[in-house]
Amino acid sequence: MVSHLWSEQLGSLSFMLGVERLTERMVSETASGDSLIFKAHATETMHSNGECGVHSHGIFKVVAHGGTVSMNGGQIAYKLDSKLQMTEQK
């Protein structure tokens, strides 16, 4: 999945990207200064002993064209520089 975010107003785009931990069997870590890696094991106890479930993993990566990408407490932070000159795409 890819998301493309942009703004026509200088300095008006910023966000924090993170993963909310909904199970004790989930870990996330930052990598390469622009990526967040997560691994999880969702289990259930209604029909099993609590050890069965679904494993998942993924990577969120921010590719910025201008602005600043940084890591902040296990999250990726992005801020569009208010001095950045926006260019028209054709």
Side-chain angles (χ1 to χ4, degrees):
M1 177 171 54
V2 174
S3 294
H4 182 189
L5 306 174
W6 74 96
S7 174
E8 294 179 3
Q9 185 177 5
L10 297 178
S12 64
L13 181 63
S14 65
F15 62 84
M16 297 287 290
L17 175 66
V19 180
E20 184 175 334
R21 184 177 169 177
L22 298 176
T23 175
E24 291 186 23
R25 295 184 178 191
M26 180 173 181
V27 295
S28 64
E29 61 187 55
T30 56
S32 304
D34 63 0
S35 300
L36 182 65
I37 300 169
F38 69 91
K39 296 177 185 174
H41 183 196
T43 59
E44 61 90 26
T45 57
M46 184 179 292
H47 300 96
S48 73
N49 63 0
E51 295 299 317
C52 304
V54 177
H55 290 274
S56 64
H57 68 278
I59 300 172
F60 293 105
K61 180 177 179 75
V62 174
V63 178
H65 300 284
T68 304
V69 177
S70 61
M71 303 316 257
N72 183 356
Q75 297 181 324
I76 301 173
Y78 173 77
K79 179 148 179 61
L80 181 62
D81 188 345
S82 61
K83 297 177 184 175
L84 181 68
Q85 294 294 319
M86 301 293 284
T87 57
E88 182 179 337
Q89 294 182 350
K90 295 184 179 184

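Sequential numbering from 1 along the given sequence is applied to the chain's residues. Worth saying up front: this structure is predicted, and the values here are computed from it rather than measured.
- With a 4.5 Å cut-off on side-chain heavy atoms, Leu36 and Phe38 do not count as touching.
- Note: Ser32 OG to Met71 CE = 8.5 Å, rounded to the nearest 0.5 Å.
- In this view, Thr45 satisfies the side chain to side chain donor-acceptor pair (under 3.5 Å) rule with no residue, not counting sequence neighbours.
- Here Met46 sits alone; no ILVMFWY side chain lies under 4.5 Å from its own, so it joins no hydrophobic cluster.
- Expressed to the nearest 0.5 Å, how far OG of Ser12 lies from NZ of Lys79 amounts to 9.0 Å.
- If you chain together hydrophobic residues whose side chains sit under 4.5 Å apart, Met16 and Val62 never meet in one group.
- Lys61 is linked by a salt bridge (Lys or Arg N to Asp or Glu O under 4.0 Å) to Asp34, counting only residues two or more places apart in sequence or in another chain.
- For Ser48, the side chain to side chain donor-acceptor pair (under 3.5 Å) partners at least two apart in sequence or on another chain are Glu44.
- By the 4.5 Å heavy-atom criterion applied to side chains, Ile76 and Val69 are counted as neighbours.
- From Glu20, atom CD reaches atom CD of Gln75 across 10.5 Å, with rounding to the nearest 0.5 Å.
- Looking at heavy atoms from C-beta onward, Tyr78 lies out of side-chain contact with Leu5 at the 4.5 angstrom threshold.
- For the pair Ala77 and Asn72, the tightest heavy-atom approach, listed with the atom from each and the gap, is CB-CB, 4.4 Å.
- For the atom pair CG of Leu80 and CG of Leu13, the computed distance is 6.0 Å after rounding to the nearest 0.5 Å.
- Hydrophobic side-chain contacts under 4.5 Å tie Ile59 into a cluster, directly or through other members, with Ile37.
- Partners of Glu51 by side chain to side chain donor-acceptor pair (under 3.5 Å), not counting sequence neighbours, listed by chain and number: Arg25.
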